[in-house]
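Owing to the predicted nature of the structure, the values given are computational and were not obtained by experimental measurement. A, B, ... follow the sequence lines: proteins, then strands. Residue 1 opens every chain. As a basis for the values below, the full set of heavy atoms in this structure was taken, side chains included, without hydrogen atoms, waters or symmetry mates.
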Amino acid sequence: MSFGKGSHLHLIDGSAFIFRAYHALPPLTRKSDGLPVGAVAGFCNMLFKYVEGNTGPDAPTHAAVIFDFSSKTFRNDIYPEYKANRPELPEDLRPQFPLTRDATRAFNISCIEVEDFEADDIIATLSCQARDAGGRVTIISSDKDLMQLVGDGVEMLDAMKNKRIGPDEVAEKFGVPPNRVIDVQALAGDSVDNIPGAPGIGVKTAALLINEYGDLESLLARAAEIKQPKRRETLINFADQIRISKRLVTLDCTMPLDMTLESMEVREPDHGTLLEFLNVMEFQTLTRRVADKAGVTPPAPPAPAVTLPDAAPEAPDAALPIDPAAYEAVRDIDALHAWIDMIYEQGHVAVDTETTGLDEMRADLVGISLATAPGRACYIPLLHRTGGDDLFADNTLTEGQIPLEDALRLLKPVLEDPSILKIGQNMKYDAKMFARNGIAIAPIDDTMLLSYALHGGLHGHGMDALSQTYLKHIPIPIKSLLGSGKAAITFDRVPVDDAVRYAAEDADITLRLWHLFKPRLHRAHVTTVYETMERPLIPVLAQMEMAGIEVDREVLSRMSNTFSQKMAALEAEIHALAGETFNVGSPKQLGEILYDKMGLPGGKKGKTGAYATGADVLEDLATEHDLPGRVLDWRQLSKLKSTYTDALQDHIHPDTGRVHTSYVIAGANTGRLASTDPNLQNIPIRSEDGRRIRTAFVAPKGKKLIALDYSQIELRILAHIADIEALKQAFRDGLDIHAMTASEMFGVPLDQMTPDVRRQAKAINFGVIYGISGFGLARNLRIPRGQAQQFIDTYFERFPGIRDYMDATVAFAKDHKYVETLFGRRIHTPEIDAKGPGAGFAKRAAINAPIQGTAADIIRRAMIRVPDAIADLPATMLLQVHDELVFEVEESAVEDTIAVVRGVMEGAAHPVVQLAVPLVVDSGIGDTWAEAH
DNA sequence: GGGCTCACG
DNA sequence: GACGTACGTGAGCCCG
């Protein structure tokens with residue numbers, strides 16, 4: 001078919017697809033050989049969806065995917081620095097490039113790349129050719145550099161947001177029509193592509209100038225007429241640089257291209273070819289979907305092979321290839337004895353438990369793996385079962401397994417032997433599993449925590465991430481054994497041979513990571529951090545989690561019912577006010593009701609194009625109409641019900657009648673803990689309705705709950721670190737710190753302080769801890785930005801040391817790429833040199849980290865000392881909420897326990913740090929958490 | 001699965 | 001005078 005009037009050409013920006021796919025998906029790898037294929041998988045999904053969507057009258061007659069040939073192009077000859085700012089391509093992305101070309105061809109779509117030219121130029125040339133031939137063009141991309149092509153039958157489509165970009169949308173973005181976009185870009189420059197432009201002129205100003213003078217050349221010719229001196233100088237002095245910028249941003253519509261538009265005619269994919277490609281890539285879901293669509297049976301997946309990783313250079317031992325086929329299955333007592341002998345000979349062993357689930361309180365032990373040297377690992381299957389996993393499966397144990405009791409009896413002495421170091425990844429999990437089977441594993445090392453001490457802030461500390469980063473090896477994914485979703489099985493149903501490969505590999509990898517990390521602790525000066533604040537926390541947290549806290553189901557269930565009724569009434573009111581029924585829980589529908597239907601003022605859209613309906617927005621709207629206020633009430637109840645009163649009931653353990661959270665030690669960058677499943681660190685307290693949820697957390701008969709919390713710990717740390725004499729003295733004198741700040745700033749005597757002035761000072765005090773900005777404070781206090789900035793200026797004038805601390809901290813971060821707490825915890829700040837909006841984030845995070853992190857260190861130190869301190873008291877530590885500890889205590893010992901724990905908490909910095917301010921701990925007692933706090 | 005919203009310190 | 005903004009978390013819901 002020739003290309004002409006009535007034809008419709010789709011030009012797909014292939015590179016944009018690839019990058020989006022790469023960043024949207026986890027780093028998937030091909031199961032058989034570990035080849036990174038995440039971007040290819042995402043790319044194929046996008047192409048599949050694209051092809052699926054091409055129906056109806058607007059479907060393309062012609063289509064092509066356009067790629068960049070390489071990063072070097074003719075623009076580098078004009079301006080060597082072009083795109084020089086681009087970050088290095090991720091290592092696992094480059095090898096995926098050729099595969100995306102293969103994928104395109106497998107989908108039977110034209111695939112185009114030309115040496116020396118960017119994809120954008122090819123798109124420009126083809127667009128012009130198609131337009132000149134009388135056809136229409138849709139460019140599938142959201143790249144602003146392509147917007148200059150819009151108009152005359154050429155438009156763009158943002159496939160992500162499914163938003164068409166025509167002349168109006170371009171004008172909205174650049175402030176000028178499409179044919180003047182390059183003028184604006186030439187002036188504004190582009191930090192991403194490293195296009196210099198005119199210094200100090202951005203898109204807004206550029207559009208203003210172009211609209212006033214017509215086009216760039218006229219503007220440059222008449223630059224002398226410009227009134228603002230700075231602008232005038234810039235345009236005169238940088239005229240050449242601006243002209244070069246224009247050449248850089250102008251796309252070439254006249255490229256010599258070998259291919260014709262006709263050759264891009266839309267063709268049906270050849271299902272055989274496509275299926276073969278998808279199958280070789282091992283994309284099971286997509287293969288099945290394509291096969292379903294074609295009405296054929298999907299091809300059998302290729303047989304799995306074994307991964308041979310690159311060697312890690314630093315540890316010769318850890319560098320041996322990982323070979324899951326070499327692992328041993330330990331199936332009888334003699335073999336187990338041999339391994340135990342080997343452990344004693346070695347002096348250390350990596351241990352990993354396999355269980356039926358992730359909840360340590362409910363899961364059952366299925367098997368244990370051990371590794372005594374890199375490459376030397378085994379798996380001891382204990383409770384694997386035969387048959388399927390449905391009701392009719394027989395539950396008989398697989399043959400060739402040592403009876404659980406026998407294995408544990410033999411292993412217990414080793415696992416508890418003080419002379420044998422047990423190494424694990426996330427040992428808290430395994431320690432709890434062993435504890436439930438009567439084994440108190442010790443001493444231990446934990447590779448997750450080693451990594452946390454060494455690399456906090458750089459990346460996650462899960463085993464997959466660590467293995468990929470430091471061993472260049474992708475472990476066998478658990479999903480490949482268990483499947484996912486509804487069809488997932490538990491580990492006891494995994495065939496023993498598969499389990500051996502997977503489980504022993506985990507122990508092997510853990511041991512190799514330990515060999516790498518342990519010697520690095522000293523070099524990085526974080527040995528003390530690891531040994532005093534990470535490792536000792538494991539048994540403490542394990543005990544707290546296993547203890548759990550009693551929760552009264554009746555209280556929660558009654559509250560759920562009350563909330564339901566209130567919500568139903570509110571919902572009826574809301575629908576009546578809106579004049580129609582809609583889903584109150586849908587921000588999208590709510591936005592449409594508020595702004596499109598009712599025409600309320602405002603209606604700001606976020607980056608996704610959806611109306612913002614957050615609480616702050618609705619609060620402002622509440623003055624205009626009754627509906628937003630009702631929605632806020634409804635939302636509060638909905639949150640309380642779904643997240644707390646309903647969900648908490650499901651977390652009550654059937655045997656203990658208590659709720660057992662799980663603390664993540666290496667989750668938060670600053671050293672704080674995180675609580676999950678359920679999160680007991682965000683139980684409501686600020687609202688009256690919410691606070692009542694705490695009445696469901698109760699002490700058993702004869703006992704009390706006590707809560708002890710640090711008063712103003714972060715502000716005290718700030719006073720100490722930034723060395724602010726006035727603040728330090730105020731804390732020593734036990735003054736109301738916010739009132740005192742207000743008094744200093746606004747000159748109001750303490751005895752004349754009003755609650756409102758104090759509230760403002762309080763907001764500033766907190767703001768300082770977060771890396772204050774005029775904008776943030778203004779929003780928080782709901783005052784004009786200028787006034788907020790004034791407050792901040794006054795604050796810094798009164799407490800100049802704060803400014804010094806902030807500057808010094810950012811400088812330190814830039815210098816070292818990390819910041820430190822008072823106790824030596826290092827929090828890496830890899831983004832500190834970021835340009836653009838990321839810069840502010842990174843700076844504020846760097847300012848906050850030593851303060852929040854030091855507070856986290858202090859309570860960690862306290863928690864580690866508490867068990868010994870209360871050993872003789874009938875008291876149990878149950879919860880930690882960042883600056884608060886909750887205990888369950890027999891009534892007779894309440895006062896003693898408070899005294900002891902307060903002493904530990906207030907003295908937790910000693911002897912490492914002598915704080916210049918006292919630490920003060922408040923306490924409460926009650927039958928419920930609501931009373932105790 | 002990402003985005004939004006909201007609970008806590 | 002451009003840009004986007006308080007720091008740190010986890011969970012539930014909607015929607016594609």
Partner residues of A/His660 under the ring pair (Phe, Tyr, Trp, His ring centres under 6.0 Å) criterion, sequence neighbours left out: A/His653
Those residues that, when tested against A/Asn848, pass side chain to side chain donor-acceptor pair (under 3.5 Å) (two or more places apart): A/Gln852
Heavy-atom donor-acceptor pair, A/Arg686 side-chain to B/dG9 base, under 3.5 Å: yes
Sugar-phosphate, base or nothing in reach of A/Ala849, heavy atoms under 4.0 Å: nothing
Contact pattern, 5' to 3', of nucleotides 10-16 of chain C - B, S or - by protein heavy atom under 4.0 Å: BBSSSSS
Dot-bracket pairing map - DNA chain C, Watson-Crick plus G-U, both contacts under 3.5 Å, | cross-strand: ......|||||||||.
Distance-only donor-acceptor pairs under 3.5 Å for side chains of residues 833-843 of chain A, two or more places apart:
residue, atom, partner, partner atom, Å
A/Asp833, OD2, A/Lys817, NZ, 3.0

Residues forming a side chain to side chain donor-acceptor pair (under 3.5 Å) with A/Tyr644, sequence neighbours excluded: A/Asn682
Listed partners of A/Gln789 passing side chain to side chain donor-acceptor pair (under 3.5 Å), at least two apart: A/Asp793
Report, one line per pair, each donor and acceptor closer than 3.5 Å where one atom sits in a side chain of residues 765-776 of chain A; sequence neighbours left out.
residue, atom, partner, partner atom, Å
A/Asn765, OD1, A/Tyr795, OH, 3.2
A/Asn765, ND2, A/His738, ND1, 3.0
A/Asn765, ND2, A/Thr741, OG1, 3.0
A/Ser773, OG, A/Gly776, N, 3.0

A/Lys639: side chain to side chain donor-acceptor pair (under 3.5 Å) partners, not counting sequence neighbours: none
Sugar-phosphate, base or nothing in reach of A/Asp883, heavy atoms under 4.0 Å: sugar-phosphate
